[in-house]
Amino acid sequence: MSQGFSIELYFDPALENQVLKAWNVLARRQISTQLIEIESRPHITLFSSPFLDPARLESVVKSFVSKQEPLALSFSSIGTFPNEKNLLFLAPSPTMALLQFQAQLCEVIKKEGIEIGEEFKADAWIPYCAVAQEVPKTRMAEAFCVLRELKLPVSGYAMDIGLVEFSPVREHFSFGLGNTVEA
């Protein structure tokens, strides 16, 4: 049973490997393995919805990304949200390019008649890359210490965008930023 859909921003191989390194260290220490188990891929979620028609979005997203260039990213801090999910993440420096990219994508989606949830509106969206989910409360401090060993910032580029259904993660489509649209 699908829990929803999300449009995700994927990284260049070197940056993706830095995030995977964090996932693997946390898994080896038996702090969190959920992202590995659901077969996720390191990403920043740009938009999410419980119900979507992937076929309806494919050409719209393809056209949007064809006009975009790869985005420079620098993960400069570690964070968590004050909720019960005990999610730990790497936070990118929120550049104007990244914020505008996400806002423009949501505008394109909105024009298709798809509702944008409050957390994805331009003035509320928080970019982050999950590195651990459902960390036991008693192990949060240990997880933070493990992540501090990452030698931040880690930098690279966002290179692709994809639509996935979760969980487990199943990709419907992905496109490289800046690729030309074939007529």
Report task. Step by step, work out the side-chain contact (heavy atoms from CB on, under 4.5 Å) result for Glu149 and Val25. Result -> CA-CA 10 Å; Glu149 294 168 14; Val25 169; 5.7 Å; no

Quick check against the 3.5 Å criterion: does [X] have a side-chain atom that pairs as donor or acceptor with the backbone of [Y]?
| X | Y | result |
| --- | --- | --- |
| Ser93 | Thr95 | no |
| Gln68 | Leu177 | no |
| Thr33 | Ala27 | no |

Could you tell me which non-hydrogen atom of [X] sits nearest to which non-hydrogen atom of [Y], and how far apart they are?
| X | Y | result |
| --- | --- | --- |
| Leu87 | Ala130 | CD1-CB, 3.6 Å |
| Ala143 | Ile31 | CB-CG2, 3.8 Å |
| Asp160 | Gly176 | OD1-CA, 3.2 Å |
| Ser40 | Trp23 | O-CZ3, 3.7 Å |
| Arg139 | Gln30 | NH1-O, 2.7 Å |
| Pro92 | Leu98 | CG-CD2, 4.0 Å |

Spell out, yes or no, whether [X] and [Y] are grouped together once hydrophobic residues are joined by side-chain heavy atoms under 4.5 Å, including indirect joins.
| X | Y | answer |
| --- | --- | --- |
| Ile44 | Val154 | yes |
| Leu150 | Leu73 | yes |
| Leu99 | Phe11 | yes |
| Tyr128 | Phe166 | no |

Requested in this report: Show the numbers, then the answer: is there a side-chain hydrogen bond (donor to acceptor under 3.5 Å, both in side chains) between Ser6 and Ser48?
Outcome: CA-CA 4 Å; Ser6 64; Ser48 189; 4.9 Å; no

Query - Check against side-chain contact (heavy atoms from CB on, under 4.5 Å), Leu57 and Ile109 - result: CA-CA 8 Å; Leu57 274 183; Ile109 292 168; 4.2 Å; yes

Query raised in the report: Around Ile36, counting heavy atoms of other residues, nucleotides and ligands shown, do more than 12 lie under 6.0 Å from its CD1?
Result: yes

Report task. Determine whether more than 12 heavy atoms belonging to other residues, nucleotides or ligands lie under 6.0 Å from atom CD of Glu58. Result -> yes

Requested in this report: Go through the steps to decide whether Phe47 and Leu52 satisfy the test side-chain contact (heavy atoms from CB on, under 4.5 Å), and finish with yes or no.
Outcome: CA-CA 11 Å; Phe47 170 78; Leu52 277 182; 4.1 Å; yes

Query raised in the report: Can you check whether Phe175 and Phe64 have ring centres sitting under 6.0 Å from each other?
Result: no

Report task. Look at the aromatic rings of Phe5 and His172 and report parallel, tilted or perpendicular, splitting at 30° and 60°. Result -> tilted

Report task. Describe, in one word, how the ring planes of His43 and Tyr10 are oriented to each other, choosing from parallel (under 30°), tilted (30 to 60°) and perpendicular (over 60°). Result -> perpendicular

Query raised in the report: What do the steps show when you test Thr45 against Phe120 for side-chain contact (heavy atoms from CB on, under 4.5 Å), and what is the final call?
Result: CA-CA 9 Å; Thr45 300; Phe120 295 102; 3.9 Å; yes

Report task. Evaluate the criterion side-chain hydrogen bond (donor to acceptor under 3.5 Å, both in side chains) for residue pair Ser63 and Lys67; output intermediate values, then yes/no. Result -> CA-CA 7 Å; Ser63 176; Lys67 302 173 191 113; 3.1 Å; yes

Query raised in the report: For the side chain to side chain contact (heavy atoms under 4.5 Å, CB included) test, which of Asn86, Thr80, Leu26 pairs with Val135?
Result: Asn86

